[in-house]
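Report on one structure; see the data block that follows.
Count residues from 1 along the sequence. When a ligand or atom number is given, it counts from 1 through the structure's own listing order. Heavy-atom basis, side chains included; hydrogens, waters and symmetry copies ignored.
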Amino acid sequence: MLNSKLILENSCSSLKPIINKILNNIRIDINEGVNLLNNGSIDLLGTLANYIRENKHGNLTYFNKNIHIEPTNICVFDCKFCAYSKLLRHKEEGWEFTQEEMLNQIIDHEDQDITEVHIVGGVHPKMGLDYFINLIKRIKEIRPNLHIKAFTAVELEYMCRKAKVSYEEGLRKLKAAGQNSLPGGGAEIFDEEIRNKICKDKCSSKQWLEIHETAHKVGMNSNATILYGHIEKSKDIVDHLNRLRALQDKTNGFNAFIPLKFRNGNNQMSEIKEVNMLYDLKIFAFSRIFLDNFDHIKAYWPMIGRKTAQNLLAFGVNDIDGTIHDTTKIYSMAGAEEQKPIMTPKEIISLIENVGRKAVERDTVYNKIKEY
Ligand code: V47
Ligand code: SF4
């Protein structure tokens, strides 16, 4: 139980009205958000985030059973933080799966009760809208009930532009082929000045938001992310969250928010020191507080590491994605400590239970599959 009087008494005076608002379930604005992020202690943010998390979900902590398919690491874009972009540099390290190879990745997991495939990769100039429509249809022929969460707004913007179709037409075609939802990647940071410095050639913030809005309109939910811990300032983080909160007010189509910690291995921003775990806790907690209309805050453990993911369960996080089966490379290539990301359901459940939470297997859209 939260002792709100104690929190208020021990907080600096400029934060008291903000804390009062949060405790009374009143939305905080951008200026209040920046003040809280800059001046709130980790204890304060953690306590408030945990209060909100427990009001929304109690002890329940979700996980899912999924695999990733990364069709290629060849990319026409050149994001400075990405260890993946290989078209212009290091051609020899590029990979490009054929459709048969990708379908075999689905077949290889046939005997496992995974519920989701997450398909995201580099933006390959030869893999267009029709190519992916065909891939999705073929996956559904093999495993009709598998939820396909696929393609960041960055990939979708490029696919639709090349195919000369509107976002709505492109998304409707993908949905008709069997795509079920969109992942949250490619959002990075919406502030145009920072975006221009770290990923200037890919889809703009406006396009990212428009694509997600359109996806929600045609009946596909999506996730949202932020890339934090590089050259952004607190005001950029709050601005990013504010743009997402405004879209969620409009569509209610986001499932989860996933803060992604910048990793500095093998990329063009390697000189930037990675932030420490205390800062991670702060960003996740702040996200839980500010995004009052998002149901779920998710820790993607292959990127943040399993220990930090576990600690985050006391800092606003109520979801840990996923069993993964060692099928993603983007973070291990960028230096994340999880070089072989695989957790069995048993491991994920004990990670959750060991900090006093209750594990629940979910599907992609948060229907409960099994409580442990
Ligand atoms: O958009 C690339 C990020 C994202 C680095 O929706 C990096 O369920 C940190 O969005 N350091 C793609 N991050 C992955 C993604 C995702 C992952 C898991 C679950 C979901 C979901 C979405 O990876 C990119 C970019 O923000 N990224 N390089 C790096 N060096
Ligand atoms: Fe390409 Fe995505 Fe990497 Fe940017 S982050 S270079 S769009 S794979």
Count the heavy atoms of every other residue, nucleotide or ligand shown that sit under 6.0 Å from CD of Glu371, and state whether that count exceeds 12. yes
If you draw a 6.0 Å radius around NZ in Lys21, do more than 12 non-hydrogen atoms from other residues or ligands fall strictly inside? yes
Parallel, tilted or perpendicular for Phe257 and Phe294, by the 30°/60° rule? perpendicular
Is the ring pair His216/His212 parallel, tilted or perpendicular, if the boundaries are 30 and 60 degrees? perpendicular
Show which atoms of ligand 1 fall inside a sub-4.0 Å distance from at least one heavy-atom site of [X].
{"X": "Asn223", "answer": "6 (O), 8 (O), 21 (C)"}
{"X": "Leu227", "answer": "7 (C), 9 (C), 13 (N)"}
{"X": "Glu188", "answer": "1 (O), 24 (C), 25 (C), 26 (O)"}
{"X": "Phe262", "answer": "9 (C), 11 (N)"}
{"X": "Ile258", "answer": "6 (O), 8 (O), 20 (C), 21 (C)"}
{"X": "Asn267", "answer": "30 (N)"}
{"X": "Lys149", "answer": "8 (O), 21 (C)"}

For ligand 1, note which part of Tyr300 has a heavy atom under 4.0 Å away: side chain, backbone, both or neither. side chain
Ignoring angles and geometry beyond distance, decide whether [X] reaches within less than 3.5 Å of ligand 1 through its nitrogen or oxygen atoms.
{"X": "Leu260", "answer": "no"}
{"X": "Lys298", "answer": "yes"}
{"X": "His68", "answer": "no"}

What's the shortest heavy-atom distance between Ala256 and Asn223, and which atoms? N-OD1, 3.2 Å
Return the minimal non-hydrogen interatomic distance between Pro345 and Lys65, and the atom names on each side. CG-CE, 3.7 Å
Give a yes/no on ligand 1: does [X] have at least one heavy atom closer than 4.0 angstrom to it?
{"X": "Thr152", "value": "no"}
{"X": "Val120", "value": "no"}
{"X": "Met303", "value": "no"}
{"X": "Ala83", "value": "no"}

I'd like to check which ligand 2 atoms, numbered from 1 as shown, lie under 4.0 Å from a non-hydrogen atom of [X].
{"X": "Phe81", "result": "5 (S)"}
{"X": "Gly122", "result": "8 (S)"}
{"X": "Cys75", "result": "1 (Fe), 6 (S), 7 (S), 8 (S)"}

Scan Arg195, Glu210, Glu188, Glu155 and name whichever one has a side-chain contact (heavy atoms from CB on, under 4.5 Å) with Cys203. Arg195
Mark the output for Cys199 as yes if a heavy-atom distance to ligand 2 is under 4.0 Å, and as no if none is. no
Are Val117 and Asn66 side-chain neighbours, meaning at least one heavy-atom pair lies under 4.5 Å? no
Closest candidate by heavy atom, reference atom 22 (C) of ligand 1, pool His118, His230, Glu274, Lys80: His118
Note: with side-chain heavy atoms under 4.5 Å as the link, the other cluster members for Tyr62 come out as Leu60, Val360, Tyr366
Could you give me the CA-CA distance, side-chain angles and deciding distance for His68 and Tyr300, then say whether ring pair (Phe, Tyr, Trp, His ring centres under 6.0 Å) is met? CA-CA 13 Å; His68 285 224; Tyr300 182 53; 5.8 Å; yes
With a cut-off of 2.8 Å, does Cys79 put an N/O/S atom close enough to atom 4 (Fe) of ligand 2? yes
Please tabulate, one pair per line, all N/O donor-acceptor pairs under 3.5 Å involving side-chain atoms of residues 120-134, not counting sequence neighbours.
residue, atom, partner, partner atom, Å
His124, ND1, Lys126, N, 2.9
His124, NE2, Glu96, OE1, 3.1
Asn134, ND2, Gln99, OE1, 3.4

Please answer whether the main-chain N or O of Arg288 pairs with a side-chain N or O of Arg53 as donor and acceptor at a distance below 3.5 Å. no
I'd like to know if the side chain of Arg306 and the backbone of Leu351 have a donor-acceptor N/O pair within less than 3.5 Å. no
